[in-house]
Amino acid sequence: MGECALCKKENPENTYRFAIVDVRSSSTTQNYVVAKKTTTTVYEKLVSFERSSFCKSCIKKERLMYVLKWTGFIALFILVALVVAALRTGSFGLWIPIVTAIGTVIGAIILLIYSLCRKDVFFASDIRTRIASKKTGIKYKFVPLDAKLYSAKGKTEPDLKLFKQRSGLRTQVADKLFEKFVLPGNGDEQVDALIDSNN
């Protein structure tokens, strides 16, 4: 059906439905005599719904890029921490690259296992977020509404806490999406009906 949202390949294998949420935050800092206090306000607004298709190879590439990106961050973090420790103690040596390499390999293995357990739809969501932010400059969240994605192991009912954790939403928008689309268990069908009624 249609074409892949990323590579434009005809008849991609997977089609997903998303709620599109505009997520922004602003911080204010107040100076007190003893300390500074920073307050962050999160703003979320439901913008629309979307049905997007993705081919298996684009999902596979996104999964690999996810592992590589976070492995790079882990390697950099370990290296910086070890260099700072070496500067404080004055003990530089071959141990820094060895420990960095070992830590990076362990981190990469953990990330690979996690990425293999993470559902394809969340990688599709990452792809749509990236495409949308390149086009609009706004970082929308593309939130899948399939109830099965938010059920704890061994449970059939979706869980609000798990929904908020996996979607990254924190305000009443999450509560409303969960109540109206996820909890009834027919979120994908509702999104299809909404999209088809607007066409």
* To do: Taking D159 for its side chain and L162 for its backbone only, find out whether a donor-acceptor pair lies under 3.5 Å.
  => yes
* Return the minimal non-hydrogen interatomic distance between A5 and I131, and the atom names on each side. => O-CD1, 3.5 Å
* Structure fact -> Looking only at heavy atoms, the pair that brings P144 and L149 closest together is CB-CD1, 3.6 Å
* Asked: Got a second to check how far F73's CZ is from T104's OG1, nearest 0.5 Å?
  -> 13.5 Å
* **Heavy-atom side-chain proximity of K45 to V173 below 4.5 angstrom** => no
* To do: Measure the acute angle between the ring planes of F163 and Y150, then classify it against the limits of 30° and 60° as parallel, tilted or perpendicular.
  => perpendicular
* Heavy-atom count around R170 CZ within 6.0 Å, excluding the residue itself: above 12? -> no
* Asked: Do the ring planes of F54 and Y16 sit parallel (below 30°), tilted (30 to 60°) or perpendicular (above 60°)?
  -> tilted
* Is the shortest side-chain N to carboxylate O distance from R51 to D196 below 4.0 Å? -> yes
* Residue pair L160 / D175: nearest heavy atoms and the distance that separates them -> CD2-OD1, 3.7 Å
* Asked: Is K164 atom NZ crowded by more than 12 heavy atoms from other residues, nucleotides or ligands, each under 6.0 Å away?
  -> yes
* **Heavy-atom pair of closest approach, residues S115 and V67** => OG-CG2, 3.4 Å
* Asked: Does the side chain of V191 reach to within under 4.5 Å of the side chain of E50, using non-hydrogen atoms?
  -> no
* So, the side chain of R118 versus the backbone of R63: is there a donor-acceptor pair under 3.5 Å, distance only? -> no
* In terms of hydrophobic clustering (I, L, V, M, F, W, Y; side-chain heavy atoms under 4.5 Å; direct or indirect links), are V47 and I127 co-clustered? -> yes
* **Cationic N near anionic O, under 4.0 Å, E44 to K141** => no
* Is the ring centre of F49 less than 6.0 Å from the ring centre of F181? -> yes
* **CD (E10) with more than 12 external heavy atoms under 6.0 Å** => yes
* same_hphob_cluster(L116, Y114) at 4.5 Å side-chain heavy-atom cutoff -> yes
* **Same cluster (ILVMFWY, side-chain, under 4.5 Å), L111 and I78** => yes
* Asked: Mind checking whether K148 and K119 have side chains closer than 4.5 Å, heavy atoms only?
  -> no
* Side-chain contact, heavy-atom cut-off 4.5 Å: L145 with R17? -> no
* Is there a path of hydrophobic side-chain contacts, each under 4.5 Å between heavy atoms of I, L, V, M, F, W or Y residues, that connects M65 with L112? -> no
* Asked: Is there a chain of hydrophobic side chains (I, L, V, M, F, W, Y, each step under 4.5 Å between heavy atoms) that links L64 to I110?
  -> no
* Got a sec: does the CD of E179 have more than 12 other heavy atoms crowding it under 6.0 Å? -> no
* Ion pair check, K69 and D126, cut-off under 4.0 Å -> no
* **Contact summary for T171 and V42, nearest pair of heavy atoms** => CG2-O, 3.9 Å
* Asked: Under 3.5 Å, side chain of S125 to main-chain N/O of F142, donor-acceptor pair present?
  -> yes
* **Exercise: identify the closest heavy-atom pair between C58 and C4** => SG-SG, 3.7 Å
